[in-house]
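Here is the structure we will look at, set down as structure tokens.
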2 protein chains.
Amino acid sequence: MASDHTRSAILSAAERLYADRGFGDVTLRDIVAAANVNLAAVNYHFGSKDELIAELFVTRSLATNRERLNELKAAEEAGGGRAGIDAIFRALVGPTLRGCLGPSSEGSTAARFMIRASIESVPPIRRIKNREVDHLRKFAAAMRRSLPGRAEADLYWGLHFALAMAHHTIRERERLTKLSEGLCDLDDVQGIIDRVVAVSVMALAGGETKAKAPRLVARDGR
Amino acid sequence: MASDHTRSAILSAAERLYADRGFGDVTLRDIVAAANVNLAAVNYHFGSKDELIAELFVTRSLATNRERLNELKAAEEAGGGRAGIDAIFRALVGPTLRGCLGPSSEGSTAARFMIRASIESVPPIRRIKNREVDHLRKFAAAMRRSLPGRAEADLYWGLHFALAMAHHTIRERERLTKLSEGLCDLDDVQGIIDRVVAVSVMALAGGETKAKAPRLVARDGR
DNA sequence: TTGCATTTCAAACACTTGTATGAAACTATC
DNA sequence: GATAGTTTCATACAAGTGTTTGAAATGCAA
């Protein structure tokens, strides 16, 4: 197996290039040029371009998932097997937001790569994301333990909306900055996490009574 | 200008193919085959592949934006120049959700195309989306009129989260269905709109007092 | 009909892409 | 130090891409 030098040179060059320029216009030739290795090395070490991308994404997303589950476990243990709903949401969106937002995203290629992976949608990554359901189910289970009374569907919608806010903030961070003319501070990661968690909790807590048809005002029937 | 038959045949064939199979693996040759026209016709009538995609997307998104603004205007007129915040959110997310969700998404190629455009991210479409800021500013202005007291940043976050929930629901409808094992009814479009609007309103109404640092529980300093 | 502009067509062009090949260089074991 | 296995290398391959070309067909006005 020798030194693995070539292999890791490809991985880091690829991650950096994909992070900077997106999956769309980075070719294997770009990667091997940046890594100073031979073109054939990619297929030798990874089998194919898609498997290279998959390995990059799997590595990073496993790390995020591990971090999420650690936070969840800590919160559940602190609460005697039952975590507060806010702590659950915090464990869900915190690691992702911390990884992809804030000043880190200028420095960490890993974070910038994950942003790319969330903006562009390329087949090998999509395949992996589809297998993420099992991971999310663990959070659904924790929510069920935390809020035994709530309707199942409400829990899933809460989970879904929390992820929506987190991911959309990552995806559209530039547009939000431009739209708000800098008023929304995208560098205050902790503040953003607080905001997302707060809204998620409210969505779950507030929708309780009017769960079925939460209409606030009469609306025209159109 | 003759009959324009070729031109519109290309447009509708392209929209259908992109909707069904995504931008990634539909070539011009696929499109002209489906449209029964010559390969060169695309470049003759549209200039390039990207301009074809852009025209498709612009047409559909102009229609959605028009619908949004109509609803907004109606709501403001009904309220004497000041719409309720829930009506504003409804005007913002309603047209998109109605267009892309529900049974229509099996029938309407337009809706399926817009879903694709929101899932895959292809350069010509991204360029257009970036110009959408002006449109969103009109909603920010309406929100300002509706809630004169609120901090500007809060309004933008509210707008942002509302769009987050709507778009994420469209993007991840399949995953949400699978995750919730069918408990979340993605065909009840009106119910989904109500849900998104309710949460958006709550996010804006609830965050008022603790706007700056909405922490619900003590969190470890990590 | 004649002439002119628009539109269609088949074919080729130019280029990029990921992948395969087979020889060469290297490394470690005996 | 010979040998077997691993890794690197230059190069070629095959396929697919959007685009261009120049001629043929078509439509329309005078």
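Residue numbers start from 1 in every chain, and the chains themselves are labelled A, B, ... in the order their sequence lines are given, proteins ahead of strands.
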For [X], give me all partners under side-chain contact (heavy atoms from CB on, under 4.5 Å), at least two apart in sequence or on another chain.
X: A:Ala40; answer: A:Asn38
X: A:Ala41; answer: A:Thr6, A:Ile10, A:Val37, A:His45
X: A:Arg175; answer: A:His168, A:Glu172, B:Glu132, B:Val133, B:Leu136, B:Leu163
X: A:Arg144; answer: A:Ala140, A:Ala141, A:Glu152, A:Leu155, A:Tyr156

Per side chain to side chain donor-acceptor pair (under 3.5 Å), A:Thr96 is matched among A:Arg68, A:Glu67, A:His167 by A:Arg68
Distances under 3.5 Å only, N/O to N/O: pair up the protein atoms with those of nucleotides 23-25 of chain C.
none

Show me the pairs that pass salt bridge (charged side-chain N to carboxylate O under 4.0 Å, His left out) and involve residues 121-130 of chain A, at least two apart or across chains.
A:Asp50-A:Arg127
In chain order, what residues pass the side chain to side chain donor-acceptor pair (under 3.5 Å) check against [X], with sequence neighbours excluded?
X: A:Ser48; result: A:Glu51
X: A:Arg145; result: A:Glu76
X: A:Arg60; result: A:Glu15

Nearest-angstrom distance from the residue atom [atom1] of [X] to [atom2] of [N]:
X: A:Phe23; N: C:dG18; atom1: CZ; atom2: C1'; value: 17 Å
X: A:Asn36; N: D:dT7; atom1: CG; atom2: P; value: 20 Å
X: A:Arg7; N: D:dT7; atom1: CZ; atom2: P; value: 11 Å

For nucleotides 13-24 of chain D, just jot down a letter per nucleotide in 5' to 3' order: B, S or -, based on protein non-hydrogen atoms under 4.0 Å.
----BBBBB---
OP1 or OP2 of C:dT7 sitting under 4.0 Å from any side-chain N/O of B:His5?
no
Would you say B:Thr6 reaches C:dT8's phosphate, i.e. side-chain N/O to OP1/OP2 under 4.0 Å?
yes
By ring-ring contact (aromatic ring centres under 6.0 Å, His included), which residues pair with B:Phe46, not counting sequence neighbours?
none
Determine the minimum heavy-atom distance between B:Ala166 and B:Val196, stating which atoms define it.
N-CG1, 4.5 Å
Here the residues of residues 52-60 of chain A within 4.0 Å heavy-atom distance, strictly under, of DNA chain C are none
